[in-house]
Amino acid sequence: MTYTSPFTGDVIQPTDVSYRSFSMSADITLSWPINGNATGNYAARIMEVTPTVGSLKLYMPPANQTSVGTDALIRNKGAVAFTVVDFAGATIISIPAGVAEYIYVTTNATVGGTWGIIAFGTGTSSADAASLAGLGLVAVSATLNLSHPVTSIAANYTFATSDRAQTVVWSSGAGSLILPSAPSFGNNWFTLFKNNGTGTVTVNTTASQLIDGSVSKNFNPGESSFIICTGTEYVTVGYGQNSTFAFTALVYPVTTGTFTLTSLEASNNIQEYVGSLTGNVTVVFPPVVNLYIISNQVTANGFTVTVSTGVPGGINATVAAGQQATLVCDGVNFLNANTVQAGGTSFQLINGSVSVPSLSFGAEVNTGVFRPGVGRFGVTILGTQRLDVNTAGVSVTGTGVFSSSVSGTTGTFSAGVSGTTGTFTTGIAGGVFT
């Protein structure tokens, strides 16, 4: 059926409403204005529609209530697409954000009818760009452009959703920043962070979530990166490490058994182990070449901490409690980094004890030398003191065997002394002298 004017021969539209602008938060079904009644959800010749959520449908009025040639120009002023459908629910056209489409009825035998489509206008204008600009975007003339405005902070801070795509710059001394629960930010939130201050800034996660595999990440002065949320954890991209502060530290709790470090954990050159041991501990590093400073700060309770690459046949290193060791890993073995002292030098040792001597061996940590007390030098073998050199002389625990002569004034031995010739001006007490 065709409705035409007997005076002009033009199509008779069911309405004289020329323009309408409205927003959509749910599906809308339009109707034809009858007898100039422009109320409710009525159709107009030009409609500017702003959808506020995605996947919405705009239903056109029944096609069989109008003439073929009835038309409408529909423009999407929102940030998401919506779909124009006929009265029966069949898709006429999906209109992306910032696009205008021209539709018109070509047959009207059914409520749905058939609709023609002409791409009336696509692209953006300056007004479109300004209305679509949000966090991380700015309208420049007729286009949208990336934007990372700078925010300066100087006190402890918790990142917010409004920090998306922002550049956060630290400008104070040492401090602490908090990343909220990753699911609350969702997959694709990100911010740019730069430590422009004078101290280390620690970025902490919450709810035991991780950033680059750890619950926190340190940024030394001059360091920066993108911090990106995956929806379940955080990762950094482009982490810039200041060469002035090239070393990083890992404080790692251990108790008993084997602990295998991740590549990220092993990237910390300074490794500090803490905790109260209930058994021997082995820390396994990735088999890569690196230099490590191992600090054993555990409560030993008679147990040991050993570092290893886990490679069969590789040399491991055991570091005594309360001590530090500088080690070189060649990808298989842990080797002492200080095997030769070159040039004039002096160095000091801690007192040590009979079970943990000041100077010992990697394969036998309870054999070595230690300081039993003031003015005393002790030698311990497998945790038993065998020699005590002090201001009064020398005390030996056990049997003394000499290949040549023994001479002196007074000798005290707890057991026997055997050898070739012994000369003492006074006497030898204890055991047998041959």
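- T158 places no side-chain N or O within donor-acceptor distance of the main-chain N or O of I178, the cut-off being under 3.5 Å.
- Counting heavy atoms from C-beta on, the side chains of L277 and V254 come closer than 4.5 Å.
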Worksheet item: After noting the C-alpha distance and the side-chain angles of I153 and W170, does the key distance pass the side chain to side chain contact (heavy atoms under 4.5 Å, CB included) rule?
Response: CA-CA 5 Å; I153 57 175; W170 178 263; 3.8 Å; yes
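- The minimum heavy-atom distance between F370 and S358, with the atom names listed, is CA-OG, 3.7 Å.
- N76 places a side-chain N or O within donor-acceptor distance of the main-chain N or O of G78, the cut-off being under 3.5 Å.
- Of all the heavy atoms in T66 and V105, the pair that sits closest is CG2-CG2, 4.2 Å.
- Here the shortest heavy-atom pairing between A165 and P149 reads O-CD, 4.3 Å.
- Of the possible donor and acceptor atoms, one in the side chain of N269 sits under 3.5 Å from a partner among the backbone N and O of L291.
- At least one donor-acceptor pair closer than 3.5 Å links the side chain of N296 to the backbone N or O of V319.
- Scanning all heavy atoms of the two residues, the minimum distance from N336 to L327 falls at CA-CD2, 4.2 Å.
- The shortest heavy-atom contact between I95 and E101 is CG1-CG, 3.8 Å.
- One N or O on the side chain of D330 and one on the backbone of N333 form a donor-acceptor pair closer than 3.5 Å.
- Cation-pi geometry between K217 and Y239 is satisfied (NZ or CZ under 6.0 Å from the ring centre, within 45° of the ring normal).
- The side-chain heavy atoms of V49 and M24, taken from C-beta on, include a pair separated by under 4.5 Å.
- Of all heavy-atom pairs between F193 and L177, the closest is CE1-CD1, 3.4 Å.
- Judged by distance alone, with hydrogens and angles left aside, the side-chain atoms of T380 form a donor-acceptor pair with the main-chain N or O of V354 at under 3.5 Å.
- Taking the six-membered ring for Trp and the full ring otherwise, the centers of Y292 and F285 sit less than 6.0 Å from each other.
- The closest donor-acceptor contact from the side chain of E265 to the backbone of T262 lies under 3.5 Å.
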